[in-house]
There are 2 protein chains.
Amino acid sequence: MDPAQDSSKVTIADVAREAGVSKGLVSFALNDRPGVSAETRARILQVAGTLGWTPSLRARSLSSKRSFALGFVIARDPEVLGSDPFFTSFIAGVETVLAPEGLALVLSVVPDASTELATYRTLVTDGRVDGVFLSDLRQDDVRIPYLSELGLPAVTLGRPDQLSPFPSVSIDDTNGIRESVRHLAALGHRRIAHVAGSPAMLHGNRRRAAFTAAMRDAGLGDGQVVETDFSISAGADATRRLLRQDQPPTAIVFANDPMAIAGIGVAQELGVSVPDDLSITGFDDIEFARYVYPALTTVGATPMVWGRAAATTLLGLIRTGSADDIELPAARLIIRGSAAAPTSH
Amino acid sequence: MDPAQDSSKVTIADVAREAGVSKGLVSFALNDRPGVSAETRARILQVAGTLGWTPSLRARSLSSKRSFALGFVIARDPEVLGSDPFFTSFIAGVETVLAPEGLALVLSVVPDASTELATYRTLVTDGRVDGVFLSDLRQDDVRIPYLSELGLPAVTLGRPDQLSPFPSVSIDDTNGIRESVRHLAALGHRRIAHVAGSPAMLHGNRRRAAFTAAMRDAGLGDGQVVETDFSISAGADATRRLLRQDQPPTAIVFANDPMAIAGIGVAQELGVSVPDDLSITGFDDIEFARYVYPALTTVGATPMVWGRAAATTLLGLIRTGSADDIELPAARLIIRGSAAAPTSH
DNA sequence: CTGAAAGCGCTTACAG
DNA sequence: CTGAAAGCGCTTACAG
């Protein structure tokens, strides 16, 4: 009765019979494989359309050993995760390429690194996904050899510091840090500090190195650096420590926006005026950055673009067996109100 | 050679042969179905363990017409989504119940409501999921009859305002609003405004109604209300509008934390001191709330707990055909620094 | 360019 | 309590 219900009952056998061909040929036509004449293919597709045939994903999965899904495993303390808007935007970007292809995204949020590996193994054992996204690259990341051994295709967000069989989608975030330091130096700052991310994470390391290099280039020494784990609370603590020194910095370059926003909060709490007494820059340009006061001068990231590029690359790898690395346009500094010339003193 | 590789090749037929029983019996043992003697079941499971048999999810899916996965479709402008930490924590909570059961979560982030419906349809047609989570309930929500007609089990986050065949997991968030108003009234505020969420969304409506009711109870009239779409930018705009009036409120109750944080930013920008000239309360207790200055007095939400409860309920519905509604402990006000007694004037 | 058949690895009535 | 067989709906060599 209900056409929607009926159509779900239509199988490849019905289409084959109606079109007067074998099931195999219908399959070939469906999968755009050579060996079907143009007119036969057209007729088959036409019949399929008329009958409202939707090939069974489950049957296709079983016989073709594919899952038509991609996976993303995020290993983070959920509390910290929540404040990082990167992932949802990234996933929205991924979605824009998966949806039209009829592919799905399987997401796992796990609390720690060992659960993370177990999750990848389950994903492979169950044949849940045809490939995965690898984010938050760490130094000498165990996930890379692990996935390689499991035979699971992957794309890394950022270029690993080790031999990797996987394509990468990366962005030059050092440029943003460099621009931040130059901007502050041009405003007249001499004592500039860096609240760095985790040294165990590649982007934390890279931004820190970029900071030091830019400081030297500007003739400002190495600059003081405080390491954190990228979390808001660690950012707040680091800021407090920096400002309580005898010679506090007049500017701080933060490795991400959440920490920078916490930094503004701490400064205000201590009665240190931003940007008059202290200039602050962030990294990521999360939406909050525009709405805190003063609005955060920060480096623009493009998580949706990353998502799209990573999904395209991973699909290419899965389908053709290889894919080129992609380098996205370098991150740029966005100047707003949280950085200004230091007041004389 | 590689045991991991070998084990993936082991099938139910191998186990049956080795255990000296039929494939059917192995299947029965695997699925804990009656009709297998305790010792036979034990022997089968033992053999399965020895051989390292992992039942093929794909084969099980095809023959049992289940997908062993749950779905979550989020319809939101990705920009706005990013600043809402609710989802990632919610998903982390869901994960804690899915992972031990060997179930996966399929996530879709779509830009608008029509894409949302199409996504649900695809999920059903492809047999991707056995049930879905329904969040951000709207007035007379079309998704409820739609999913019902598709025959897809669901759990709603919050109680719908319409007839619904689905169980709900809800929390009394009106209590948090009520506590906020009482807190402000007790501090001596008389002109309290509410920056409400979208009137099209149930929780926006509910919080707004709770605000008005609490104001009346306190003998403070209806209180001024400005409607928004829950977005940070709308929260900033609403605050600006409120503060520019001849008789601006001395306190504002925001329907969520992102808007409240933007509200603090706007106040600072306008030279209005928080909490001296203006008290502010939020809703959700996102991580940022503790780190802005002054720290945000807000209502605690528990997205991880929601996730866990919703997943448990949905699984129960799928497995037994019915599930009871769950009411989580009422949301409570968390007092921090953004609300204080109004300065006399 | 096309057909007939086996196979993917389970589950599920149906007999006994 | 147990076995043999059909079935889920595709894909994929293998023949022609």
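Below, read A as the first sequence line, B as the second, and so on, with proteins coming before strands; counting in each chain starts at 1.
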message: With nearest nucleotide decided by heavy atoms, which residue, B/Thr40 or A/Ser27, maps closer to the 5′ end of DNA chain D?
response: B/Thr40
- prompt: Considering only C/dC10, C/dC1, D/dG9, which nucleotide approaches the side chain of A/Ser37 most closely?
  reply: C/dC1
message: Treating B/Thr320 as the side-chain partner and B/Ser322 as the backbone partner, does any N or O pair qualify as donor plus acceptor under 3.5 Å?
response: yes
field: Proximity to the side chain of A/Leu62 - top-ranked nucleotide from D/dC10, C/dC10, C/dC8
entry: C/dC8
- prompt: Okay, side chain of A/Ser27, backbone of A/Lys23: is any donor-acceptor separation there less than 3.5 Å?
  reply: no
- line: B/Ile12 atom CD1 is separated from D/dC8 atom P, nearest whole Å, by 18 Å
message: Tell me the interatomic distance from A/Arg66, atom CZ, to C/dG9, atom C1', rounded to whole angstroms.
response: 18 Å
message: For Watson-Crick and G-U wobble pairs within 3.5 Å on both distances, what is DNA chain C written in dot-bracket notation, | included for inter-strand pairing?
response: |||.||||||||.|||
- prompt: A/Arg43 has an atom CZ; how far is it from atom C1' of C/dT2, in whole Å?
  reply: 11 Å
message: So A/Arg33, base contact, sugar-phosphate only, or nothing? Heavy-atom distance under 4.0 Å.
response: sugar-phosphate
- request: Pick base, sugar-phosphate or nothing for A/Ser61, based on heavy-atom distances below 4.0 Å to the nucleic acid.
  value: nothing
field: Spacing of B/Phe68 atom CZ relative to C/dC10 atom P, expressed in whole Å
entry: 11 Å
field: B/Arg43 atom CZ: more than 12 heavy-atom contacts under 6.0 Å
entry: yes
- request: Take the angle between the ring planes of A/Phe133 and A/Phe72 and call it parallel below 30°, perpendicular above 60°, tilted in between.
  value: perpendicular
message: Applying a 4.0 Å non-hydrogen cut-off, can you work out what B/Val21 is touching in the nucleic acid: base, sugar-phosphate, or nothing?
response: sugar-phosphate
message: Closer than 4.0 angstrom, basic N to acidic O: yes or no for A/Glu149 and A/Arg143?
response: no
message: What is the separation between atom CG on B/Leu25 and atom C1' on D/dC1, rounded to the nearest whole Å?
response: 8 Å
- request: Hey, which sits more toward the 5' end of DNA chain C by its nearest nucleotide, A/Ala38 or A/Gly24?
  value: A/Ala38
message: From C-beta outward on A/Trp53, which listed nucleotide comes closest to its side chain: C/dC10, D/dC10, D/dT12?
response: D/dC10
task: Give the rounded distance in Å between these two atoms: CG of B/Asp32 and P of C/dT11.
output: 12 Å
message: Considering every strand and a 4.0 Å limit on heavy-atom distances, what is the contact class for A/Lys65: base, sugar-phosphate, or nothing?
response: sugar-phosphate
task: Take atom NZ of B/Lys9 and atom P of C/dG7, then tell me their distance rounded to the nearest Å.
output: 15 Å
query: Pairs in or reaching into residues 97-114 of chain A: which pass side-chain hydrogen bond (donor to acceptor under 3.5 Å, both in side chains), with residues at least two apart or in two chains?
result: A/Glu101-A/Arg319, A/Ser108-B/Glu95, A/Asp112-A/Ser114, A/Asp112-A/Thr115
- prompt: Nearest of D/dG3, D/dG9, C/dC10 to any side-chain atom of B/Arg60?
  reply: C/dC10
message: Salt bridge or not between A/Asp14 and A/Lys9? Use side-chain N to carboxylate O under 4.0 Å.
response: no
message: Using whole Å, what does the distance between atom C1' of nucleotide C/dC10 and atom CG of B/Asn31 come to?
response: 9 Å
- request: Determine the contact category for A/Ser56: base if any of its heavy atoms lies under 4.0 Å from a base atom, sugar-phosphate if only primed atoms, P, OP1 or OP2 are that close, otherwise nothing.
  value: sugar-phosphate
query: Any side-chain donor-acceptor pair under 3.5 Å between B/Thr122 and B/Thr119?
result: no
